Number of protein chains: 2
Amino acid sequence: MTADPAAPTLPKNFLRPCLLLLLREQPAHGYELLERLRTFGFEGSDPGGLYRSLRKLEEEGLVRSAWEQSSTGPARRIYEITRVGMEELHRRAKGLAEARGTLDAFLGRYEEFVALRRAEVPAPASG
Amino acid sequence: MTADPAAPTLPKNFLRPCLLLLLREQPAHGYELLERLRTFGFEGSDPGGLYRSLRKLEEEGLVRSAWEQSSTGPARRIYEITRVGMEELHRRAKGLAEARGTLDAFLGRYEEFVALRRAEVPAPASG
DNA sequence: GCCAGCTATATGTTTTCTGCCCACAGCGGT
DNA sequence: ACCGCTGTGGGCAGAAAACATATAGCTGGC
């Protein structure tokens, strides 16, 4: 609890759109997505959550999958995005753009206030 | 469920930093905060959730409160931010700035890909 | 053949967050 | 006295996230 206070605090349900975007760029299997997700701030790799999301996405028809035999290891389930998935991604992107706006508003207001305080209080003790 | 796909999708726990920022700007009671929160994309006013957050914040020592008699209505609990709360706000702001960065990355990558596709596929059918 | 370790997928459990509904109390108007 | 408004608070159900665990195939060593 409150262990890492500066954690990114990503948007709710951010995993889903990320998966859709990743899969739109290129089909992949779960384990690989786990790696590629790190780009989007998913540090602590959570296979469980990932596969669950993937399943749900497929159940909703946003992605589809097929088994692929690998010569170097166990079979993998290759996912690719569907037309519907792309549309969903589109919608989500809009929502996320809005979210960014809100975040901008918050941060702007926060920094503005910090600046104000600095102006009021000349210089506490720092050199 | 998936009712409003373009919903803002704000970060998890976004309420907390918002409250801290609002209280940093100016002490207030819950009902008033409810109004001021609308600026941050909290459309559906949810008194229950608000007060719960406030309570928790106080329990953690991030804010403190005192009853104030009102001449025009029932007594109100006035909240103000504490030193610890400001530090927490600071940390959260950093985290949210990171989140914005991630969001930027996502949206940039999304739009970039959209642009690429447009270049590949000349013009579907839209006139 | 058998075990250990890696890749890869999947499920179960528990906790947290969120949204929605409702209860209660004080005050003012009629 | 009753109603409606302001203001605070709790309960509950469903969604989401975190954490832990199970399974299965393949490879290499012995």
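Reminder, nothing fancy here: chain letters follow the sequence lines and each chain counts from 1. Predicted model only: the values in this text are computed from it and were never measured.
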Specify the separation, in whole Å, of atom CG of B:Leu54 and atom P of D:dT8. 9 Å
Specify the closest pair of heavy atoms between A:Leu62 and A:Ile81, including all atoms of both residues, with the distance to one decimal. O-CG1, 3.5 Å
Can you measure B:Arg16 atom CZ to C:dT16 atom P for me and round it to whole angstrom units? 12 Å
Please report, rounded to the nearest Å, how far the C1' atom of C:dG26 is from the CD atom of B:Glu68. 15 Å
Check the distance between D:dA16's C1' and A:Glu60's CD and give it to me in whole angstrom. 13 Å
Between P on C:dA8 and CG on A:Leu34, what's the gap in Å once rounded to a whole number? 11 Å
Any side-chain N or O of A:Lys56 less than 4.0 Å from the OP1 or OP2 oxygen of D:dA16? yes
Nearest to the side chain of A:Arg52, which nucleotide is it out of C:dT11, D:dG11, C:dA10? C:dT11
Point-to-point distance, once rounded to the nearest 0.5 Å, from OH of A:Tyr110 to CG of A:Leu103: 13.5 Å
Does any pair with a residue in residues 18-31 of chain A pass salt bridge (charged side-chain N to carboxylate O under 4.0 Å, His left out), and if so which ones, sequence neighbours excluded? A:Glu25-B:Arg109
To the nearest angstrom, the CG-P distance between A:Asp46 and C:dT9 comes to 15 Å
Approximate separation, where rounding is to 0.5 Å, of A:Arg36 CZ and A:Leu23 CG: 7.0 Å
Between A:Ile78 and A:Trp67, does a side chain to side chain contact (heavy atoms under 4.5 Å, CB included) hold up when you go through it step by step? CA-CA 6 Å; A:Ile78 303 291; A:Trp67 285 101; over 6 Å; no
Answer yes or no: does a side-chain N or O of B:Arg55 lie under 4.0 Å from OP1 or OP2 of D:dG9? yes
Pull out every protein N or O sitting under 3.5 Å from an N or O of nucleotides 1-7 of chain D, one pair per line with the distance.
residue : atom : partner : partner atom : Å
D:dG7   : OP1  : B:Arg76 : NE           : 3.3
D:dG7   : OP1  : B:Arg76 : NH2          : 2.5

Whole Å only: how far is the CG atom of A:Leu50 from the P atom of C:dT7? 16 Å
Result for 5'-nearest mapping on DNA chain D, choosing between B:Gly49 and B:Lys12, is B:Gly49
For a quick test of reading the model: is some side-chain N or O of A:Asn13 closer than 4.0 Å to OP1 or OP2 of D:dA17? yes
On DNA chain C, more 5' by nearest nucleotide between B:Gly48 and A:Gly48 is A:Gly48
Identify, between B:Pro47 and A:Ile78, the residue whose nearest nucleotide on DNA chain C lies closer to the 5' end. A:Ile78
Once the angle between the rings of A:Phe14 and A:Phe42 is folded into 0 to 90°, is it parallel (under 30°), tilted (30 to 60°) or perpendicular (over 60°)? parallel
Donor-acceptor side-chain pairing of A:Ser65 and A:Arg77 below 3.5 angstrom: yes
Rounded off to whole Å, could you give me the CD-to-C1' distance for the B:Glu59 and D:dG10 pair? 15 Å
